[in-house]
Amino acid sequence: MKFRRSTPLKGEITVPGDKSISHRSVMLGAISKGTTSITNFLEGADCLSTIDCFRKMGIEVERKPEEILIHGKGLHGLLAPSDTLDVGNSGTTVRLLSGLLAGQTFQSTLTGDDSIQKRPMKRIITPLTAMGGEIKSIRDNDCVPLQIQGRPLKGIHYDSPVSSAQVKSCVLLAGLYADGPTSITEPYVSRNHSELMLRSFGASVTSKDTTVTIEPEPELTGQKVIMPGDISSAAYFIAAGLLVPGSEILIKNVGTNPTRDGILRVCRQMGADIQLLDQKEHCQEPAADILVRYSSLKGTEIHGELIPTLIDELPVIAVMAAFAEGTTVIRDAQELKVKESNRLDIMVHHLQAMGADVTPTEDGMIIRGGTPLHGATLDSHLDHRIAMSFAVASLAAQGETEITRADCVNISYPRFYEDLQSLQY
Ligand code: S3P
């Protein structure tokens with residue numbers, strides 16, 4: 001896929017439904033009584049992997065043009081899977097599903113693609129084992145494939161060393177099947193979609209500071225879930241609008257949950273012209289239209305509790321920083337090393353290949369912005385967020401950029417390139 005410096009980006013765009021909320025709506029729908037209807041479900045490869053796993057456990061999923069219907073079987077209604085559960089590229093599927101499977105009465109095996117087979121699973125094996133779960137890494141390397149023998153679970157308190165919504169959600173879902181309350185404390189609050197959705201389906205979940213507690217054996221009832229657009233997908237249009245001179249983009253109906261809106265805060269720190277319009281709320285998830293205008297950006301500092309609220313947006317934020325005046329320092333972002341790719345290494349490498357002044361650090365990078373960037377040939381490493389971040393970088397760089405293996409955007413945003421093109425005249 002080839003890209004050149006862009007003319008102003010103008011117009012309106014609607015990004016696909018939120019990936020995190022899409023996964024959770026299928027999972028909770030499956031273990032609830034009655035039907036869950038999901039509007040604006042993200043039909044990306046990751047969420048389709050989640051659907052596929054639940055179909056293998058006897059859940060009927062109807063895909064209609066306007067909605068997806070999950071015919072739930074209740075908390076104890078899943079069947080032993082007919083086959084190995086294949087999570088594809090999806091960390092959310094494997095980690096959340098493991099929590100759900102640990103307390104079942106059957107055995108299951110989970111596997112996935114090359115990238116997922118390298119990602120750390122010890123972070124979920126440790127708390128699930130403490131709850132009495134039996135989770136085995138088949139190759140004994142704390143990675144997928146995992147074999148899970150369902151066991152009666154006990155409620156525990158877990159102090160998580162990482163701020164990770166996948167770990168937190170895994171523990172909460174296992175807690176549904178425990179013999180008493182289960183709680184988890186994380187260093188900083190990570191995205192809270194599981195807590196919000198569990199509550200709306202009927203679970204008793206309380207949050208205080210960085211601790212969440214769940215009571216076991218609730219009666220969960222299917223709900224109508226209306227998905228906001230994914231702020232992680234909107235991020236590419238926010239960045240493109242800010243970086244390409246003369247641009248003005250209205251991004252419709254984007255989720256602005258405060259545990260996810262770090263990119264908006266950072267953009268404002270950088271001096272961006274961004275407005276939130278038509279603010280609303282669906283299923284306790286806030287959303288708004290985001291109006292972005294080209295702005296001259298300045299460098300900033302990003303660290304601490306801000307990091308979990310923009311973890312998936314850091315690649316495109318690093319791109320913005322490369323075009324900003326002054327220095328941007330990103331710290332506390334070591335989690336980026338264990339995402340779909342080692343995003344810290346790849347961001348530094350690709351930004352340097354385009355001529356940016358970037359120095360890697362232990363847990364982040366220092367970007368001295370303002371050096372003009374030029375085109376380069378860059379591999380996506382089959383990481384959707386790397387491909388989209390550098391598509392955006394190329395729109396504001398001199399010359400031509402080629403992104404190889406660019407079609408990995410189908411993981412979270414199958415129509416990304418078409419949508420980007422629709423804003424160019
Ligand atoms: C997600 C949590 C985050 C994020 C991922 C989606 C979720 O991962 O990077 O894309 O839906 O819970 P971690 O929990 O590993 O930080």
Side-chain angles (χ1 to χ4, degrees), residues 16-28 41-42 44-47 49-50 87-100 112 115-116 118-127 142-144 158 160-174 184 186-198 210 212 225 227-228 230-236 255 257 259-263 285 305-317 332-344 347 363 383-386 388-389 408-409 411-413:
D18 189 277
K19 182 152 83 70
S20 292
I21 306 178
S22 292
H23 284 297
R24 287 156 171 81
S25 59
V26 175
M27 294 185 187
L28 292 194
F41 181 78
L42 167 61
D46 269 9
C47 299
S49 295
T50 293
V87 304
N89 189 244
S90 176
T92 305
T93 311
V94 70
R95 296 202 177 108
L96 271 61
L97 201 49
S98 297
L100 209 53
S115 150
I116 207 83
K118 293 190 192 106
R119 297 183 65 186
M121 294 299 143
K122 195 168 179 9
R123 54 183 59 200
I124 57 160
I125 296 174
T126 301
D142 289 327
C143 291
V144 165
Y158 183 61
S160 175
V162 281
S163 297
S164 158
Q166 292 179 355
V167 172
K168 175 172 65 177
S169 306
C170 167
V171 170
L172 294 176
L173 290 174
I184 175 163
E186 50 186 350
Y188 300 121
V189 176
S190 63
R191 65 190 67 191
N192 66 355
H193 306 301
S194 296
E195 296 91 300
L196 295 180
M197 196 180 282
L198 276 161
T210 63
V212 185
V225 179
M227 203 82 57
D230 196 327
I231 193 166
S232 299
S233 297
Y236 305 102
N257 179 316
T259 63
R260 292 283 299 283
D261 71 351
I263 182 164
E285 292 281 356
E305 64 184 3
L306 200 51
I307 294 290
T309 70
L310 45 66
I311 189 73
D312 291 342
E313 290 66 74
L314 279 169
V316 80
I317 289 173
D332 303 325
Q334 59 281 357
E335 274 293 298
L336 285 190
K337 295 180 186 168
V338 291
K339 294 291 177 188
E340 286 85 325
S341 67
N342 181 336
R343 288 183 180 157
L344 273 188
M347 288 311 298
D363 60 352
D383 183 336
H384 53 136
R385 303 211 185 278
I386 295 291
M388 292 188 275
S389 297
C408 58
V409 300
I411 290 294
S412 65
Y413 198 159

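Just so you know, ligand 1 is whichever comes first in the structure, and atom 1 is the first atom listed for that ligand.
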Is R24 touching ligand 1 with its side chain, its backbone, both, or neither, if touching means heavy atoms under 4.0 Å apart? side chain
Give a yes/no verdict on whether any heavy atom in K339 is under 4.0 Å from an atom of ligand 1. yes
Spatial distance of atom CG (L173) from atom CG (L97) [nearest 0.5 Å]: 9.0 Å
So, the side chain of S169 versus the backbone of L96: is there a donor-acceptor pair under 3.5 Å, distance only? no
Can you tell me the protein heavy atom closest to atom 10 (O) of ligand 1 and the distance? D312 OD2, 2.7 Å
Side chain proximity check, E186 to V171, heavy atoms < 4.5 angstrom: no
Per-residue contact class, R191 against ligand 1 - non-hydrogen pairs under 4.0 Å: side chain
Among non-hydrogen protein atoms, atom 1 (C) of ligand 1 lies closest to Q166 NE2, 3.6 Å
Could you say whether the N/O atoms of A165 and ligand 1 ever approach to under 3.5 Å? yes
Less than 3.5 Å apart, any donor N or O on the side chain of R260 or S232 sitting next to an acceptor on the other? yes
Pairs of nitrogen or oxygen atoms closer than 3.5 Å, one from S164 and one from ligand 1: do any exist? yes
Side-chain donor or acceptor of S341 paired with backbone N/O of D383 under 3.5 Å: no
Sub-3.5 Å donor-acceptor pair from the side chain of T309 to the main-chain atoms of L306, do we have one? yes
List the closest protein heavy-atom neighbour of atom 11 (O) of ligand 1: residue, atom name, distance to the nearest 0.1 Å. S20 OG, 2.7 Å
Counting non-hydrogen protein atoms only, what is the nearest one to atom 6 (C) of ligand 1? Give residue, atom name and distance. T92 OG1, 3.4 Å
Side-chain ion pair, D18 and R191, N-O less than 4.0 Å: no
